[in-house]
Amino acid sequence: MEDNKSTGTLNFIEKIIEKDIENNKNEGKVVTRFPPEPNGYLHIGHAKSICLNFGLAEKYKGRCHLRFDDTNPAKEEIEYIKSIKEDVAWLGFDWGKHEYYASDYFDRLYNIALKLIKKGKAYVDSLTPEEIREYRGTLTSPGKNSPDRERSVEENIDLFERMKKGEFEDGKYLLRAKIDMASPNLNMRDPALYRIKRMTHHRTGDMWCIYPMYDFTHPLSDAFEGITHSVCTLEFEDHRPLYEWAVEESGEKIKPQQIEFARLNLNYTIMSKRKLLELVEKEDVSGWDDPRMPTISGIRRRGYTPESIRDFASRIGVAKSNSTVDFALLEHCLREDLNMKAQRVMAVLDPLKIVITNYPEDKTEMMEADNNPEDINMGKRMVPFSREVYIEKDDFMENPPKKYFRLSPGKEIRLKHAYYITCTEIIKDPGTGEILEVHCTYDPESRGGGTADGRKVRGTSHWVSAFHAFEADVRLYSHFFKSENPGDVTGNFRDDLSENSLEVLRGCKLEPSLKEAVPGQSFQFLRKGYFCADSVDSKPGLPVFNRTVSMRDTWAKLQRDAAKNKEHKDIKSR
RNA sequence: UGGGGCGUCGGCAAGUGGUCAAGCCACCGGUUUUUGGUGCCGGUAUCGUAGGUUCGAAUCCUACCGCCCCAGCCA
């Protein structure tokens with residue numbers, strides 16, 4: 001991971017590594033790994049871990065392995081492997097030839113298990129799952145030894161081999177480590193090493209009837225690959241003694257060191273694969289890549305950039321305290337990145353027609369517009385202007401409040417890159433009173449958006465020529481959950497699903513250049529936010545846009561605060 | 001009542017005995033602005049609590065308090 005952006009201070013893992021390098025531990029090598037289980041899509045929390053592990057390898061000139069922890073055929077699928085690889089690569093990391101599968105180690109793992117049995121460090125247990133639980137004891141009382149604990153080595157070997165051959169039904173026997181049933185650490189009370197699961201594995205097929213447990217597989221896989229620093233999340237802290245036991249007993253040369261850090265929590269977001277799967281299965285979302293999902297594929301489709309995610313990861317830091325990061329930080333990182341990169345473009349999402357009465361009816365002018373004022377190298381483009389244009393409905397008010405400097409009767413505003421216009425008349429539906437269109441006059445001297453007399457025009461609106469506009473759907477996304485900590489109150493996170501996290505706007509008026517938008521391409525819709533052509537639903541010449549994030553909007557915020565204050569006053573005066 | 005962790009500004013997070021307790025996000029002011037965007041300037045903590053050690057402690061010691069994780073043949 002990059003240094004903490006401004007200060008270059010090291011996080012606690014970097015400190016450990018630098019000390020290890022100083023002491024020439026592992027000959028100064030740094031090898032990390034990202035070890036997903038292929039049973040779901042990666043999410044932003046995984047991104048933190050990916051950036052950490054690959055970042056560490058980059059920083060210390062080592063390498064980072066991508067290893068699929070595929071020891072449980074009941075939950076894992078090929079589809080997930082594909083998506084995981086895509087997501088890691090999209091984030092900008094390259095594992096090169098170091099793509100591994102725990103299932104590739106099944107033979108070696110089996111042999112080490114045999115070795116443990118021969119050393120008297122493992123035994124085959126015939127207790128039922130219920131009995132095992134009873135024998136384990138509780139948090140405050142020690143467990144007791146299984147009657148099978150002193151089974152002879154010969155008998156253990158025989159039974160284990162027959163487990164492998166598939167002679168027994170699932171659950172009949174279990175290979176357990178012989179450690180200490182009285183350990184205050186429950187993980188050390190003779191943990192399971194191998195269970196019988198007569199099930200087809202997505203990679204090894206029907207070759208195996210027994211599968212190794214995580215606590216056995218993980219440390220040994222690390223050791224096999226020469227991992228020096230095995231970085232995982234806090235909940236594995238208790239497993240560390242077992243991790244070290246396994247590495248030690250295996251006799252492998254490299255002794256990887258497990259280091260735990262706090263996983264990412266984000267407010268307004270859930271980060272559990274189980275819960276995300278539930279959203280997919282119950283069709284609360286369109287799929288794993290629904291733009292509201294915190295999955296990497298979801299935020300990618302939403303329009304987030306890999307750079308912004310990496311920046312986010314570097315800013316949140318790495319530590320051991322359980323913490324919840326403010327979603328606003330993620331949005332900030334995104335805006336900062338897109339501000340420099342996204343082409344500016346004009347799109348009217350909620351159109352109101354403006355007729356410029358003193359502008360020739362059949363005239364079209366091409367107005368020159370900056371593609372990005374932050375980067376002149378992005379050049380300019382020409383935008384057609386004509387007698388009738390659309391502006392946003394909320395850029396006009398018949399009876400404006402104080403400090404409203406958009407269009408209103410008698411007021412003059414600037415149409416960005418075009419002309420000053422002054423409101424002269426409001427045309428309403430005689431029946432409903434609804435505003436149908438607004439008539440204005442323009443100042444021909446203000447072409448391009450300024451005048452020689454230098455008069456100040458405070459309001460500037462974006463616009464689209466009615467004649468040249470093309471229509472498209474735009475999707476507005478907002479927080480998926482209405483509470484910061486979904487499920488906090490009722491215990492069910494789905495109760496906090498926001499009912500308006502997706503708003504589809506039909507027939508938005510877009511400037512013609514947008515017709516050519518490429519799926520996945522990001523734009524700044526001037527004054528509205530950053531939008532991205534949807535990579536699934538866009539068709540050639542007919543893009544659909546997703547709002548990635550809105551612009552910061554101090555005016556809207558002022559309005560909200562004012563409304564809130566009024567509400568409070570109303571309540572008080574009652 | 002067992003074991004393992006964690007407690008520094010509203011949210012992250014530096015700091016590991018010695019000038020004013022970094023920085024970022026958020027928030028609040030001001031300024032610039034052909035995006036009420038961006039940029040720029042400024043503002044906002046005495047470190048879970050209570051004792052102790054010391055000339056001096058967020059940093060050391062003691063005792064409390066609070067929060068998280070662990071009793072899958074899941075990872």
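These figures come from a predicted structure and were not determined experimentally.
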Review point. Could you give the CG-to-P distance, from A:Leu139 to B:G2, as a whole number of Å?
Key: 10 Å

Exercise for review: Both distances under 3.5 Å, Watson-Crick or G-U wobble: report the partner of B:U35, or none.
Suggested key: none

**Study point:** hbond_proxy A:Asp238 side chain to B:G3 base (donor-acceptor, 3.5 Å cutoff)
**Key:** yes

**Study point:** Presence of A:Arg315 side-chain N/O under 4.0 Å of B:G23 phosphate oxygens OP1/OP2
**Key:** no

Revision key, fill the gap. Here the distance between atom C1' of B:A75 and atom CD1 of A:Ile81, to the nearest Å, is 15 Å

Review point. With both distances kept under 3.5 Å, what pairs with B:C27, Watson-Crick or G-U wobble?
Key: B:G43

Review point. Got a salt bridge between A:Arg381 and A:Glu511, using NZ or NE/NH1/NH2 to carboxylate O under 4.0 Å?
Key: yes

Practice item. Pick base, sugar-phosphate or nothing for A:Phe405, based on heavy-atom distances below 4.0 Å to the nucleic acid. Key: base

Point to revise | Enclosure of A:Lys411 NZ (heavy-atom neighbours >12, cutoff 6.0 Å) | key: no

**Study point:** Touch class at under 4.0 angstrom, heavy-atom based, for A:Ser461 against every strand present
**Key:** nothing

**Study point:** RNA chain B contacts made by residues 163-183 of chain A, counting heavy atoms under 4.0 Å
**Key:** A:Gly171, A:Leu174

Check your understanding: Think A:Lys416 has a side-chain N or O under 4.0 angstrom from the OP1 or OP2 of B:U33?
Key -> no

Check your understanding: Heavy atoms under 4.0 Å, any strand shown: does A:Ser323 hit a base, just sugar-phosphate, or nothing?
Key -> sugar-phosphate

Review point. Do A:Phe525 and A:Phe545 have ring centres separated by under 6.0 Å?
Key: yes

Check your understanding: What nucleic acid atoms does A:Phe236 come within less than 4.0 Å of, heavy atoms only: base, sugar-phosphate, or nothing?
Key -> base

Check your understanding: Any chance the side chains of A:Ser183 and A:Asn185 put a donor and an acceptor closer than 3.5 Å?
Key -> no

Review point. When the C1' atoms of B:G37 and B:G23 are considered, how many whole Å apart are they?
Key: 24 Å

Practice item. Confirm from the modelled atom types if A:Glu374 and B:G37 form a donor-acceptor pair under 3.5 Å, side chain to base only. Key: yes

Review point. Taking the P atom of each, how far is B:C61 from B:A22, in whole Å?
Key: 25 Å

**Study point:** Distance test, side-chain N/O of A:Lys528 to OP1/OP2 of B:G36, below 4.0 Å
**Key:** no

Review point. Do you see a donor-acceptor pair shorter than 3.5 Å between the side chains of A:Arg33 and A:Ser230?
Key: yes

Check your understanding: Looking only at N and O atoms, is any donor in the side chain of A:Glu336 or the base of B:U38 less than 3.5 Å from an acceptor on the other one?
Key -> no

Review point. How far, in whole Å, is B:C24 from B:G39 if one measures between their P atoms?
Key: 12 Å

Review point. B:G56: syn or anti, with syn meaning chi within 90° of zero?
Key: anti

Check your understanding: Can a donor-acceptor pair under 3.5 Å be found between the side-chain atoms of A:Arg552 and the base atoms of B:U38?
Key -> no

**Study point:** Under 3.5 Å on both distances, the Watson-Crick or G-U partner of B:C6
**Key:** B:G66

Exercise for review: Write down the distance separating the C1' atoms in B:A21 and B:C47, rounded off to the nearest Å.
Suggested key: 8 Å

Practice item. Looking at every strand, decide which applies to A:Leu193 at a 4.0 Å heavy-atom threshold: base, sugar-phosphate, or nothing. Key: nothing

Check your understanding: Using the ring of each side chain (for Trp, its six-membered ring), is A:Phe481 parallel, tilted or perpendicular to A:Phe493, with breaks at 30° and 60°?
Key -> tilted

Review point. Checking all strands, does A:Pro373 fall into the base, sugar-phosphate, or nothing category for heavy-atom contacts under 4.0 angstrom?
Key: base

Review point. To the nearest Å, how far apart are A:Leu109 CG and B:A75 P?
Key: 12 Å

Practice item. Figure out the CZ/C1' separation between A:Phe68 and B:A75, and round it to whole Å. Key: 15 Å

Practice item. Under 4.0 Å between any heavy atoms, over every strand shown, what does A:His218 touch: base, sugar-phosphate, or nothing? Just pick one. Key: nothing

Exercise for review: Look at all strands and tell whether A:Ser550 reaches a base, only sugar-phosphate, or nothing, counting heavy atoms closer than 4.0 Å.
Suggested key: nothing

Practice item. Classify the nucleic acid contact of A:Gln524 as base, sugar-phosphate or nothing, counting any heavy atom under 4.0 Å across all strands shown. Key: base

Exercise for review: Assess the side chains of A:Asn39 and A:Lys273: does a donor N or O sit below 3.5 Å from an acceptor N or O?
Suggested key: yes

Check your understanding: Hey, is A:Tyr214 doing a stacking thing with B:A75, by the 5.5 Å centroid and 30° angle criteria?
Key -> no

**Study point:** Any A:Met181 side-chain heavy atom under 4.5 Å of A:Pro142 side chain
**Key:** no

Check your understanding: Between atom NE2 in A:His417 and atom C1' in B:U35, what is the gap in whole Å?
Key -> 9 Å

Practice item. For A:Lys273, report the nucleic acid contact type (base, sugar-phosphate, nothing); a contact means any heavy atom under 4.0 Å. Key: nothing

Review point. When the ring planes of A:Tyr110 and A:Phe160 are compared, do they come out parallel, tilted or perpendicular, using 30° and 60° as the limits?
Key: parallel

**Study point:** Rounded distance (Å) that lies between atom P of B:U16 and atom CG of A:Leu10
**Key:** 13 Å

Check your understanding: Do any side-chain nitrogens or oxygens of A:Lys197 fall under 4.0 Å of OP1 or OP2 in B:C74?
Key -> yes

